[in-house]
Amino acid sequence: MSIAKTYNPKEAEEKWYSYWMENGFFRSTPDEREPYTIVMPPPNVTGVLHMGHMLNNTIQDVLIRRARMQGKNACWVPGTDHASIATEAKVVAMLKEQGIDKKSITREEFLKYAWEWKEKYGGIILKQLEKLGASCDWDRTKFTMDPDLSEAVIDTFIKFYKEGYIYRGVRMVNWDPQGKTALSDEEVIRKEVNQKLYYIRYQIKDSDEYVTIATTRPETIMADTAICINPNDTRYSHLQGRTALVPLINREIPIITDEYVEMEFGTGCLKVTPAHDLNDYELGQKHNLEVIDILDDDGTLNEKAQILVGEDRFIARKKVAKMLEEAGQIDKIEDYKSQVGFSERTDAAIEPKLSMQWFCKMDQLAKPALEYVEDGTIKLIPEKFFASYKHWMENVKDWCISRQLWWGQRIPAWYNDRNEWVVAKTEAEAVAEFESLGKSTNGIRQEDDVLDTWFSSGLWPMSVFDGVRHPDNAEFNYYYPTNDLVTAPEILFFWVARMIIMGHDYTQKPPFRNVYLTGIVRDKLGRKMSKSLGNSPDPIELMEQYGTDGVRVGMLLSSPAGNDLMFDVSYCEQGRNFANKIWNAFRLVKGWETVDQPATDAQKTAATWFENRFNQAVADIDEHFANYRLSDALMSTYKLIWDDFCAWYLELVKPAYQAPIETETLETVKTFFEKVLALAHPFMPFLTEELWHDELFGAREKGDCAIVATYPITQPFDEQIIKEFEVVQQVISEVRSIRNTKGISPKVALPLAINATVIDFKKYQESIIKLANIAELTFVSEKVHGAVSFLAGKDECYVALESNIDVAAEKERITKEIAYLKGFLASVEKKLSNERFVQNAKPEIVQNEQNKKADAEAKIAILEESLRSLG
RNA sequence: GGAGAAUUAGCUCAGCUGGUUCAGAGCAUCUGCCUUACAAGCAGAGGGUCACUGGUUCGAAUCCAGUAUUCUCCACCA
């Protein structure tokens, strides 16, 4: 029976994914085996698969599949994140398209829309992961707003509150005027922006004098409550204690002094606007200044501004500047570059805003989380991220955890009509709490505050096993701490640090042992792949085009941990080609007729070599996995299969055209084939499963699948055998090379004579004849004259050509080689004659140099002899 | 403004605590092959002052210092 000439991934992919699913191979329940657990970083519920997910989840799948094959109880928990602000923004936009304003509907109505939307569009990404071959335990799929997970979030809030980590207060926060919510520091992205620096004159009261200040934000002058100068600044000493007038509105403000003001910057005078700048706020606190907040939640000016009420801050900026100019109160305007914060999600310019919010105290919580990484309990891979992790942990500020949104877990705080409040899980408990405090419960209500998404995702490794609500449950105890976390470095602080903090606070254990930080997927030009740039290929299309296995291989081929991946479709092509190579190797074996015979000696020799080489490769691969060097592990697998298995082993045992193969050898080949399929399975699950079930291997028992095949275990191997065969390979290559350079067709069989003094070539006689196409192989003990010669190791080989050899060319070639060896020898001798080297270097190094010397001398002697014999 | 990282073949990257894994791999390139598993292939070949300048050392791609270029993270100076 013949099979297709090229591998057709599509069919295999559909067939085997549903087969795995139906037979429960992805499912995990606690048992006596060692668990191996990964919780998937939950993609946003609104997300669609992009190249970053592709990389991330391929890595996780490779790890989980390998662990499963190693006999561990592998559990990969998938899920999605409600992504509070990002999702709410999308729902708001959707409603807007339908002509519905968020303000016009109630919270309950909005949430109804949001849930509908989530049901409709949410989780597309999980479906897409199936195409990738992700072997998640889908029965465990979680969503961060599932009732049990939400309850865990509320419980945690209350616990942290009781432990004193959570407090409520008025602080300067990052305000997103578009999302109309507070943000944490981590959600603010700073970008350099070209701005104008306006030099504005403030008149001194009862005088014709002016003081000039420099600001980038003239629209905030109406909120000024002081002018500040450095007390040491003699230029302005005469102004101390005077009063200035805010331009346009002529409000009186004091002139104060503080060393905070840099004399060199601008004019050395600072306008103090406590409501709209963090530093000014602190200055205001210090000097007891009034706080005038002239901005509404949406970034428009309110009535306190007195002028331009209702205008957006950026329009107001221009208008104020114009009005000042007309009033002659602008000295000059300079171009100026400065850092401005933008909302990570809405990209709106952040407004520092004084606001009542909930905060989580971080300093104490952060300490054990830092220790875990410091003492190696948790390993960051690659380690280079430790420095910034440490820096963040040591400088972490309190975390603003409340968001003025609807989509998320509502903060369990209850207020009465006097705005007194208690923290309680239910209204009933709140009532009881109020009463026990002797406070009114009139008008009891909750505010429209929800918790930061990262507060809930921080619990993810615990909450997916219900470990927050029921820490004693068997599943949690079995699977937690999880093993590996695979995620992007961007969210090291957002997410990883907080999981460690929360995990420790609950369990006194780390939530995972290893954090594998993947790189960013970039295009060939080094640009980050993004939708807006349009430089990202559609992963689904890629999989259609190159096959899922091909794309998986392509992704991994050049992505060492933590390094960015310069993605190019040619990698997928390489992956596809590799899949095809395996497919065709299989076709070869499948096509053989058999004869009931034992293996020949040559076949046995080949099998011995390959077995040792295989074990060597397994050892390599194991080591690469231990170091999380997946691309190296893949490359070792790739070379083992392509070069050693296909190009050498199969060629060695391959019977002549239409000749049958010995049954014993076929069995050996099949055994090896299964082993290499097992090695390749984590990388190429579909192809390997497809071949695994081919009738070539006979009928498989139920459950005998590549997905649960035994992953090869490191076995001892004989390096000598491998090295010896390398010399044999060298002989074969040299003969081929001679053909190539002399323009002799590969079909022409050549005679070969070997003066074997080191290697037992007799053992490989047949192999050499076969692969180098040798007409006659003789063993000689003396130099063969008139033949092309070459050295394989230290044994000389001769190929007698029919035509006379080109003596001049041979001489030149040999002379060149001698020259090279002599140069090499000279450098070795120089070393050895250096007393300080002999004295200082380790004995084995010196011995090595001596070996090199003897080696080179022996080779030179042989070559010089050859040269002489050429006349 | 601070911190970290990178710079090795045309491209993407290995190269651990200095010395036979020391100048490597894959891809690409070139030459020859439609050899009956595979042209998505086979065989062979070429290709690098290890960014630059110094230093340490018997010995440096490897350690140190400086320079250049690039990247990332962190940081509230109007």
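The sequence lines fix the lettering, A, B, ..., with proteins before strands; numbering per chain opens at 1.
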Quick one: which of [options] gets closest to the side chain of [X]?
X         : options                   : result
Asp632(A) : rU31(B), rA14(B), rA78(B) : rA14(B)
Met635(A) : rU72(B), rA25(B), rG44(B) : rA25(B)
Lys581(A) : rA40(B), rA37(B), rC74(B) : rA37(B)
Phe837(A) : rG19(B), rU72(B), rU12(B) : rG19(B)
Tyr571(A) : rU12(B), rA37(B), rA78(B) : rU12(B)
Ser733(A) : rA78(B), rG41(B), rG44(B) : rG44(B)
Asn580(A) : rC74(B), rC38(B), rA78(B) : rC38(B)

Please tell me if [X] has a side-chain N or O lying less than 4.0 Å from either OP1 or OP2 of [N].
X         : N       : answer
Lys742(A) : rG32(B) : no
Lys831(A) : rG19(B) : no
Arg576(A) : rA40(B) : no
Tyr638(A) : rC27(B) : yes

Rounded interatomic separation in angstrom, taking [atom1] from [X] and [atom2] from [N]:
X         : N       : atom1 : atom2 : answer
Phe578(A) : rC38(B) : CZ    : P     : 18 Å
Lys852(A) : rU21(B) : NZ    : C1'   : 12 Å
Arg739(A) : rA43(B) : CZ    : P     : 13 Å
Ile641(A) : rA37(B) : CD1   : C1'   : 15 Å
Lys384(A) : rU72(B) : NZ    : P     : 12 Å
Asn840(A) : rA60(B) : CG    : C1'   : 16 Å

Would you indicate what [X] reaches in the nucleic acid, counting non-hydrogen atoms under 4.0 angstrom: base, sugar-phosphate, or nothing?
X         : value
Gln839(A) : nothing
Glu651(A) : base
Lys271(A) : nothing
Cys646(A) : base
Arg190(A) : sugar-phosphate

- Task: Could you point out which residue of Glu334(A), Arg217(A), Arg317(A) forms a side chain to side chain contact (heavy atoms under 4.5 Å, CB included) with Gln195(A)?
- Result: Arg317(A)
- Task: For a side chain to side chain contact (heavy atoms under 4.5 Å, CB included) with Leu687(A), tell me which candidate from Asp549(A), Thr548(A), Leu677(A) qualifies.
- Result: Asp549(A)
- Item | Residue pair Leu634(A) / Val553(A): nearest heavy atoms and the distance that separates them | CD2-O, 3.6 Å
- Item | Residue pair Phe790(A) / Val735(A): nearest heavy atoms and the distance that separates them | CZ-CG2, 4.1 Å
- P-based separation of rG24(B) from rG66(B) [nearest Å]: 32 Å
- Message: Suppose you measure atom C1' in rC16(B) against the same atom in rC77(B); what distance do you get, rounded to whole Å?
- Response: 45 Å
- Plane angle bin for Tyr649(A) and Phe672(A) - parallel if under 30°, tilted between 30 and 60°, otherwise perpendicular: perpendicular
- Message: Using heavy-atom distances to pick each residue's nearest nucleotide on RNA chain B, tell me which of Asn584(A) and Ser737(A) is more 5'.
- Response: Asn584(A)
- Query: 5'-most contact on RNA chain B: Asn577(A) or Glu262(A), nearest heavy atom basis?
  - Reply: Asn577(A)
- Sidechain N-carboxylate O distance under 4.0 Å for Lys654(A), Glu651(A): yes
- Item | Base-pairing mate for rC30(B) - Watson-Crick or G-U, with both contacts under 3.5 Å | rG44(B)
